[in-house]
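Below you'll find the structure, written out as structure tokens, and then a few comments.
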Amino acid sequence: MDTPPSPPVPTRRLLAPGLYALAAVLMAGGLVLPLFRAVHTFSQMQAGALAVITTSAWSTRFQITTDDILERPGAPFGIPIIVTMVLLAAAAGLLLARRRPGAWLGQLGTVFAAGVVLTIEMYGLGQGANEQTDRVDLTTEPGMWLLIGGTLVAAAAAVVAHRATATEDWADPAVAYADTETPPSGFAMPGAPAPGEVAITVLPPDQPGR
């Protein structure tokens, strides 16, 4: 006897995991692309002297006019970014498998991502407030925009996952009664249907005079 095909997965069940996975991919862009670029102008030095500082998740790159480029380790933003990616990817996997911890894990990853982005943004704004230079032109690079976009996508996924968790499970009898042997319409009896199946309770006819 052929096994009946599995019912198709509703599209709404794939929305939250897909958004969390997309958020993790966007956050990964912040690991490899520059975050900020600050151009400092010095009047005390020769005319046209500039100092270009490029900040990434792993290092800070210095270049003064035509001199050699100096690159040194910077603030290790890459570590919290990786932690954020792991949280969001784990939430996507758990939600796809319909595991309830995926909802709160995704919310945790979203809050953590917002904290990481805010910290990096404050660090970048600090570079534009250097009093030792006459002028500072601060530019937000693609890596930072990807981090911001990933955080917004994760926030949208958290909202979708919360609404789905609050309404979807109890709307599906196969899920609502998956952890009990009592059928939806009565008490478990010998030979009762398997969990998730619908049982119909038949009452005996009323006797005359009752």
Side-chain angles (χ1 to χ4, degrees), residues 14-42 45 48-96 102-162:
L14 302 177
L15 182 57
L19 289 176
Y20 276 130
L22 176 60
V25 173
L26 293 176
M27 299 292 289
L31 292 175
V32 296
L33 297 177
L35 304 176
F36 296 101
R37 183 175 182 268
V39 180
H40 299 257
T41 304
F42 299 90
M45 302 177 62
L50 299 175
V52 181
I53 303 176
T54 305
T55 303
S56 67
W58 303 104
S59 63
T60 303
R61 179 180 179 182
F62 297 87
Q63 183 180 10
I64 299 178
T65 60
T66 58
D67 294 344
D68 295 336
I69 297 175
L70 175 63
E71 190 167 353
R72 69 178 186 182
F77 296 128
I79 296 177
I81 293 176
I82 291 178
V83 174
T84 303
M85 292 170 52
V86 171
L87 291 174
L88 296 178
L94 290 175
L95 287 175
L96 192 61
W104 63 261
L105 188 62
Q107 295 173 1
L108 176 62
T110 302
V111 174
F112 193 81
V116 171
V117 169
L118 181 60
T119 301
I120 298 176
E121 183 68 27
M122 296 300 295
Y123 179 86
L125 293 177
Q127 291 185 347
N130 193 338
E131 298 179 354
Q132 299 178 355
T133 59
D134 297 330
R135 179 181 175 183
V136 180
D137 294 326
L138 182 65
T139 304
T140 301
E141 294 295 295
M144 190 63 197
W145 287 117
L146 288 176
L147 293 179
I148 295 174
T151 303
L152 295 178
V153 172
V159 174
V160 173
H162 176 73

Got a sec, which residues hit side chain to side chain contact (heavy atoms under 4.5 Å, CB included) with [X], two or more places apart in sequence or on another chain?
{"X": "Ile79", "answer": "Trp58, Pro76"}
{"X": "Val39", "answer": "Arg37, Leu50, Val52, Asp137"}
{"X": "Thr140", "answer": "Phe36, Met144, Trp145"}
{"X": "Leu33", "answer": "Pro142, Leu146"}

For the student: nearest non-hydrogen atoms of [X] and [Y], plus distance:
{"X": "Ala21", "Y": "Ala92", "answer": "N-CB, 3.9 Å"}
{"X": "Thr54", "Y": "Pro34", "answer": "CG2-CB, 3.8 Å"}
{"X": "Leu88", "Y": "Ala154", "answer": "CD2-CB, 4.0 Å"}
{"X": "Ile81", "Y": "Gly30", "answer": "CD1-O, 4.2 Å"}
{"X": "Leu35", "Y": "Gly143", "answer": "CD2-C, 3.7 Å"}
{"X": "Gly150", "Y": "Ala23", "answer": "O-CB, 3.3 Å"}

Does the pair Val116 and Leu147 meet the rule for a side chain to side chain contact (heavy atoms under 4.5 Å, CB included), with working shown? CA-CA 9 Å; Val116 171; Leu147 293 179; 5.7 Å; no
State which residues pass side chain to side chain donor-acceptor pair (under 3.5 Å) with Thr55; sequence neighbours excluded, sorted by chain then number. Gln127
Separation between [atom1] of [X] and [atom2] of [Y], rounded to the nearest 0.5 Å:
{"X": "Thr110", "Y": "Leu87", "atom1": "OG1", "atom2": "CG", "result": "9.5 Å"}
{"X": "Leu26", "Y": "Leu22", "atom1": "CG", "atom2": "CG", "result": "4.5 Å"}
{"X": "Ile120", "Y": "Leu125", "atom1": "CD1", "atom2": "CG", "result": "12.0 Å"}

Mind running side chain to side chain contact (heavy atoms under 4.5 Å, CB included) on Met85 and Leu31 for me, showing each step along the way? CA-CA 10 Å; Met85 292 170 52; Leu31 292 175; 3.6 Å; yes
Using the ring pair (Phe, Tyr, Trp, His ring centres under 6.0 Å) criterion, which residues pair with Phe77? Sequence neighbours excluded. Tyr123
